[in-house]
There are 2 protein chains.
Amino acid sequence: MNPGKQLDRQSRILQAALDLLSRHGISGVNMRAVAREAGVALGLVNYYYEDKSTLIRAALRRIDEDDLMLVTPDPALPPDEQLRQALRRVAGPEYLTTQYLSLRLHLWALAQADEGFALINAAAFERYLQGLATLIGNANPELSGEECRQRAADIVVVQNGMWLTALLGVDRASIQRSIARTEQIAFAAAS
Amino acid sequence: MNPGKQLDRQSRILQAALDLLSRHGISGVNMRAVAREAGVALGLVNYYYEDKSTLIRAALRRIDEDDLMLVTPDPALPPDEQLRQALRRVAGPEYLTTQYLSLRLHLWALAQADEGFALINAAAFERYLQGLATLIGNANPELSGEECRQRAADIVVVQNGMWLTALLGVDRASIQRSIARTEQIAFAAAS
DNA sequence: GTAGGAGTTGAACAAGCGTTCAAGACCCTG
DNA sequence: CAGGGTCTTGAACGCTTGTTCAACTCCTAC
């Protein structure tokens with residue numbers, strides 16, 4: 001065994017797949033291109049990922065993990081700051097890059113075309129929604145669980161819109177105003 | 001010449017491409033599948049559309065036309081009703097179908113992967129934004145042009161979010177609340 | 001040192017792809 | 001009916017794709 005190198009090669013292959021998907025869409029992700037981009041031989045891609053479908057699934061799970069981290073609270077902060085940070089992080093420089101957004105878009109499109117991918121994506125969406133609802137509940141203890149989920153759903157709509165619209169090159173100012181809108185929804189007084 | 005039938009076949013081919021794109025993504029759109037779906041021979045697809053790329057471009061333009069109609073005012077209505085209708089139409093039954101949304105998503109993904117497609121898409125986006133800004137200006141004559149464009153941009157963020165989130169199966173109620181949010185933005189008092 | 005497993009390679013295969021094209025079908029005009 | 005354009009067909013081509021596999025290298029355990 002050589003765990004260091006094994007992980008290195010395998011994750012380089014996954015990273016190559018993610019890069020290609022982000023840059024050229026699913027048509028640009030073929031086993032040969034992935035191997036070239038990762039600097040390995042063609043056969044090695046099929047060695048670590050049984051299928052092309054397996055490789056794409058792995059990529060999907062990777063992105064979904066990243067998304068979930070957005071609503072993972074920092075326990076050192078008070079609840080309302082945890083929520084505020086989570087809402088602002090979506091427009092942070094590490095997420096609002098063309099590469100990352102493009103990747104998300106292609107994975108959504110993929111999930112729409114393939115039922116297997118759709119299940120993974122739907123589960124991740126549900127976890128994200130639940131995570132956000134929990135953050136809202138912690139910051140607003142007077143809200144009911146149902147009200148928290150409603151607000152989380154409304155916020156997700158705006159966030160998805162920010163992501164998508166950022167790709168189309170809408171100005172930063174509009175993104176900032178949308179962030180403020182999500183905070184408004186999150187911290188509004190109970191109705 | 002047989003213009004009726006020619007148009008019939010040609011548009012059936014385009015429709016077949018749109019259907020396949022919506023259902024299976026770009027990987028599902030190949031000349032043979034398009035021909036089969038349209039009920040014509042393989043060669044006819046290349047007869048009407050020189051290239052696969054030409055076919056996809058035609059599909060892109062078709063969708064962009066539909067989008068533009070969303071902000072085309074009905075001259076019989078007063079300005080504020082024109083705006084309100086435009087904002088509500090995006091959640092109407094003819095637009096909020098899985099088929100249409102899925103198609104949009106795939107076309108966005110396509111535009112992200114190919115520069116030529118991106119140009120068409122960006123131009124259509126700009127026209128839509130401008131159309132929406134004009135509607136807002138007509139309904140709120142006291143607003144400056146810049147303020148109208150800002151509001152249009154903010155509304156587009158929420159609308160894009162609604163479209164995308166509807167695909168992930170978020171509940172109708174959240175969509176309705178988001179519609180209300182776009183109306184709030186559109187009709188807010190001047191700041 | 002050597003047997004054996006894990007990692008790695010690229011040639012080979014079958015299937016699918018976009019595109020071309022010679023041939024035919026169809027329909028109007030003279 | 002003969003001519004000629006437009007429309008329509010499907011076989012054929014060369015290329016790319018996903019997948020398989022025999023061979024090879026490398027490292028470790030005994």
Side-chain angles (χ1 to χ4, degrees), chain A residues 1-60 106-107 109-111 113-117, chain B residues 1-60 106-107 109-111 113-117:
Chain A
M1 277 177 288
N2 193 338
K5 199 165 188 181
Q6 173 188 345
L7 244 159
D8 197 46
R9 296 266 216 181
Q10 179 161 12
S11 61
R12 259 168 62 194
I13 291 173
L14 184 57
Q15 190 57 49
L18 289 165
D19 286 352
L20 285 169
L21 189 58
S22 161
R23 291 210 304 273
H24 304 121
I26 185 63
S27 319
V29 184
N30 61 70
M31 306 304 259
R32 263 163 264 257
V34 168
R36 202 179 320 123
E37 181 88 3
V40 301
L42 171 61
L44 202 62
V45 181
N46 280 93
Y47 178 78
Y48 284 118
Y49 299 95
E50 186 187 5
D51 260 341
K52 182 179 179 178
S53 161
T54 307
L55 174 59
I56 305 276
R57 264 198 300 274
L60 229 167
H106 287 299
L107 287 173
L110 233 49
D114 180 296
E115 195 164 352
F117 300 159
Chain B
M1 274 177 290
N2 193 336
K5 200 165 188 181
Q6 174 190 343
L7 244 160
D8 197 47
R9 296 265 215 179
Q10 180 162 12
S11 62
R12 258 169 61 194
I13 291 172
L14 185 57
Q15 190 57 51
L18 288 166
D19 285 353
L20 285 170
L21 190 58
S22 161
R23 291 209 304 273
H24 304 120
I26 185 63
S27 319
V29 184
N30 60 71
M31 306 304 260
R32 263 161 262 257
V34 168
R36 203 181 317 126
E37 181 88 4
V40 302
L42 171 60
L44 201 63
V45 181
N46 280 94
Y47 178 77
Y48 284 118
Y49 299 95
E50 186 187 4
D51 262 337
K52 181 179 179 179
S53 163
T54 307
L55 174 60
I56 305 275
R57 263 198 301 275
L60 229 167
H106 287 299
L107 286 173
L110 232 48
D114 179 295
E115 196 164 350
F117 300 158

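Naming convention: chains lettered A, B, ... in sequence-line order (proteins, then strands); numbering from 1 in each chain.
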Exercise. List the atom of R12(A), the atom of A38(A), and the distance in Å for their closest heavy-atom pair.
Key: NH2-O, 2.7 Å
Practice problem: Take the protein atom CZ of R36(A) and the nucleotide atom C1' of dT17(D), then report the distance between them rounded to whole Å. | Solution: 12 Å
Quiz item: Could you give the CE-to-P distance, from M31(A) to dT8(C), as a whole number of Å?
Solution: 16 Å
Exercise. Would you check if L14(B) and Y48(B) make a side-chain contact, meaning some heavy-atom pair closer than 4.5 Å?
Key: no
Quiz item: So how far is it from E37(B) CD to R23(B) CZ, rounded to the nearest 0.5 Å?
Solution: 4.5 Å
Quiz item: Between H106(B) and L21(B), which heavy-atom pair has the shortest distance, and what is it?
Solution: CD2-O, 3.1 Å
Can you give me the N/O atom pairs linking the protein to nucleotides 12-15 of chain D at distances under 3.5 Å, or say none if there are none?
none

Self-check item: Heavy-atom closest contact (A33(A) atom, G28(A) atom, distance)
Solution: CB-O, 3.8 Å
Exercise. Could you check how far CZ of R12(A) sits from C1' of dG7(C), rounded to whole Å?
Key: 14 Å
Quiz item: Nearest-Å distance, NZ (K52(B)) to C1' (dG16(C))?
Solution: 11 Å
Self-check item: Straight-line distance of D8(A) CG to Q15(A) CD, nearest 0.5 Å
Solution: 11.5 Å
Practice problem: By nearest nucleotide on DNA chain D, pick out whichever of L44(B) and N46(A) is the more 5' one. | Solution: L44(B)
Quiz item: Can you tell me how far C1' of dT19(C) sits from CG of N30(B), to the nearest Å?
Solution: 13 Å
Self-check item: Length of the line joining I13(A):CD1 and dG7(C):P, which is rounded to integer Å
Solution: 12 Å
Quiz item: For DNA chain C, what residues of residues 16-26 of chain A have any heavy atom nearer than 4.0 Å?
Solution: none
Exercise. Report the distance from atom CG of L55(B) to atom C1' of dG18(C), rounded to the nearest whole Å.
Key: 12 Å
Self-check item: For atom CG of D51(A) and atom C1' of dT19(D), their distance in whole Å
Solution: 9 Å
Determine all donor-acceptor pairs shorter than 3.5 Å in which one atom belongs to a side chain in residues 52-59 of chain A; sequence neighbours excluded.
residue, atom, partner, partner atom, Å
K52(A), NZ, V29(A), O, 2.9
S53(A), OG, R57(A), NH1, 3.0

Quiz item: Counting only side-chain N and O atoms of R9(A), is one of them less than 4.0 Å from OP1 or OP2 of dT8(C)?
Solution: yes
Quiz prompt | dT8(D) OP1/OP2 closer than 4.0 Å to side-chain N/O of Y47(B) | solution = no
Quiz item: In this structure, which one of L20(A), L110(A), D114(A), L107(A) forms a side chain to side chain contact (heavy atoms under 4.5 Å, CB included) with I26(A)?
Solution: L110(A)
Self-check item: Nearest atoms (heavy-atom pairs only) where A113(A) meets G25(B)
Solution: CB-N, 3.8 Å
